[in-house]
There are 2 protein chains.
Amino acid sequence: MTITTAEENYLKAIFKIAEKEDKAVLTNSIAAAMNTAAASVTDMLKRLAEKQLIKYEKYRGVELTEDGNRLATTLIRKHRLWEVFLVEKLGFAWDEVHDLAEQLEHVQGEPLIDRLDNFLGHPRFDPHGDPIPDAQGRWTFRQQVRVSLLQPGEKGILTGVDDHATPFLQYLDQIGVALGIEIQLLDRTEYDQSVQVRISGKTEVTLSEKVAQNLLVIKG
Amino acid sequence: MTITTAEENYLKAIFKIAEKEDKAVLTNSIAAAMNTAAASVTDMLKRLAEKQLIKYEKYRGVELTEDGNRLATTLIRKHRLWEVFLVEKLGFAWDEVHDLAEQLEHVQGEPLIDRLDNFLGHPRFDPHGDPIPDAQGRWTFRQQVRVSLLQPGEKGILTGVDDHATPFLQYLDQIGVALGIEIQLLDRTEYDQSVQVRISGKTEVTLSEKVAQNLLVIKG
DNA sequence: AATAATTTTTAGATTAACCTAAAAATTATT
DNA sequence: AATAATTTTTAGGTTAATCTAAAAATTATT
Ligand SMILES: [Mn+2]
Ligand SMILES: [Mn+2]
Ligand SMILES: [Mn+2]
Ligand SMILES: [Mn+2]
């Protein structure tokens, strides 16, 4: 049984939606995530169910089977390892790698990804701070908190971003925010919930609530 | 106008056939090279002609246009650069990389291949000794000769192999033949045209005519 | 509970890339 | 030149992946 690129992409989308909300994943959420018509999703769900990669009940939504989960996890592993390669080895910026990784993740061949992992030194996080499951599909969890939830005086190390879109990442570059830096919350403006923060113990900048919500730190 | 993976593969096949024989490339040669039915080739030729990537005259065969030639050249460049990456960086053997490169060559994105080329140090030849066209599509030519055509006493440096199949490459590994080694022809047996050669000034082995025909050296 | 709104599925098409079998064109042989 | 053999194209189908529009099922509201 062979699995297509389209099928892989659906499995990944289902995995990511299920990650957030723990109910069954509905047709429309998938359609939204994949930018396809709901009818196309129904079509694909039938095929995936046929291949035992999801459990599908008409009108009730879907759930990944163990096989489906394993495939989705591997795909995410591949995507994130390629992103590390593109940034660490080829020198791409963190806002430039997603679309390339979307293609590279579908290249088939187990030895390839194992050797790539080895070449990169078994990285546990990708350039956006997202965890990379290991060859056995195990995840690394971290206790992260949004900058928007810090109390004045509290600080943390930036370990992730929630929004991966180019304009956001380039904005962060511009104000000197990168993974690994220290962010201290100085003050919060009640009116719009914007926050003043100190970056790396030096620069002070104001971040909108939206920006602060997309920055994830480990406190301390 | 977007180009599909299948289209790219046809262009490459046409390029490679045209490389050997200088007449127009016929439907059946393409069908043989691609392992598809002749009718499928005709189908594709119409599409490629529609896109101005080939000049196609019914029953008369095809020729690449300038656009088609450029795309085929780029595809070969990508294929061979990825092969260098897989061998040099990931440690694959030279007989293991072709199928992976067949997939990787279709990953879209100009900056990717330029950065990869740079990362690899602008290699001019792939792991099988085949030339890698540069970013402008220029080829490096070398004056190579088959070991089967050497005179007794003559020697050369192995710079290429004509057959890329795994069994052949593994056989070469086994007898200690690799790119860059010196091969000296000691004697030829008239009966079956097999040759005795000295490898790296040390080992002596007998090569069948078929093997000797697939080894390319630069004399001297 | 009946009706309205929303979500999901079905029905029917389309496109790329393949296929087999039959027809047409070209090339080789008598 | 006529016939036979070969090559190529056309005709007609299939499958995966998409779409729009209509029908059916579920959920929300009166
Ligand atoms: Mn990504
Ligand atoms: Mn990422
Ligand atoms: Mn190859
Ligand atoms: Mn090669």
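Atom set for the values below is all heavy atoms of this structure, side chains included, hydrogens, waters and symmetry mates excluded.
- Bounding nucleotides for the chain B contact on DNA chain D, 5' to 3', at a heavy-atom distance below 4.0 Å, are D:dT7 to D:dT10.
- Side-chain contact between B:Glu63 and B:Val25 is absent, with no heavy-atom pair separated by less than 4.5 Å.
- Minimum atom distance to the side chain of B:Ala37 is reached by C:dT20, of the listed C:dC18, C:dT10, C:dT20.
- In this structure, the side chains of B:Trp94 and B:Leu179 come closer than 4.5 Å at one or more pairs of heavy atoms.
- B:Ser40 comes within 4.0 angstrom of a base, heavy atoms only.
- For the pair A:Asp162 and A:Lys210, the salt-bridge criterion is not met [side-chain N within less than 4.0 Å of a carboxylate O].
- Looking at heavy-atom distances under 4.0 Å, A:Thr42 makes contact with a base.
- Atom CD1 in B:Ile30 sits roughly 13 Å away from atom P in C:dC18 (whole-Å rounding).
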Quiz prompt | Bracket string, DNA chain D, 5' to 3' - pairs by Watson-Crick or G-U geometry under 3.5 Å, | interstrand | solution = ||||||||||||||||||||||||||||||
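- Within the 4.0 Å cut-off from OP1 or OP2 of C:dT10, not a single side-chain nitrogen or oxygen of A:Tyr59 is found.
- Put simply, CE on B:Met44 is 9 Å from C1' on C:dC18, counting in whole angstrom units.
- Each of A:Arg60 and A:Val41 lies near DNA chain D, and the nucleotide nearest A:Val41 is the one positioned closer to the 5' end.
- Ring geometry, A:His98 versus A:His79: the interplanar angle falls from 30° to 60°, so the pair is classed tilted.
- Using a 4.0 Å heavy-atom cutoff across all strands shown, B:Ala6 reaches sugar-phosphate atoms only and no base atom.
- Taking 4.0 angstrom as the limit, B:Arg47 places none of its side-chain polar atoms (N or O) nearer than this to OP1 or OP2 of C:dA16.
- Dense packing is recorded around CD of B:Gln170, with more than 12 heavy atoms of other residues, nucleotides or ligands lying under 6.0 Å away.
- Residues A:Lys78 and A:Leu104 form no side-chain contact, since every pair of their non-hydrogen atoms from C-beta on lies 4.5 Å or further apart.
- Rounded to an integer number of Å, the gap from B:Glu50 CD to C:dA17 C1' is 16 Å.
- Side-chain contact check for A:Ser194 versus A:Leu207: every heavy-atom pair is 4.5 Å or farther apart.
- In this pair, A:Phe85 and A:Phe119 present their aromatic rings tilted. The plane angle is within the 30 to 60° band.
- Within 6.0 Å of atom CD in A:Gln52, 12 or fewer heavy atoms from other residues, nucleotides or ligands are found, so the atom counts as exposed in its surroundings.
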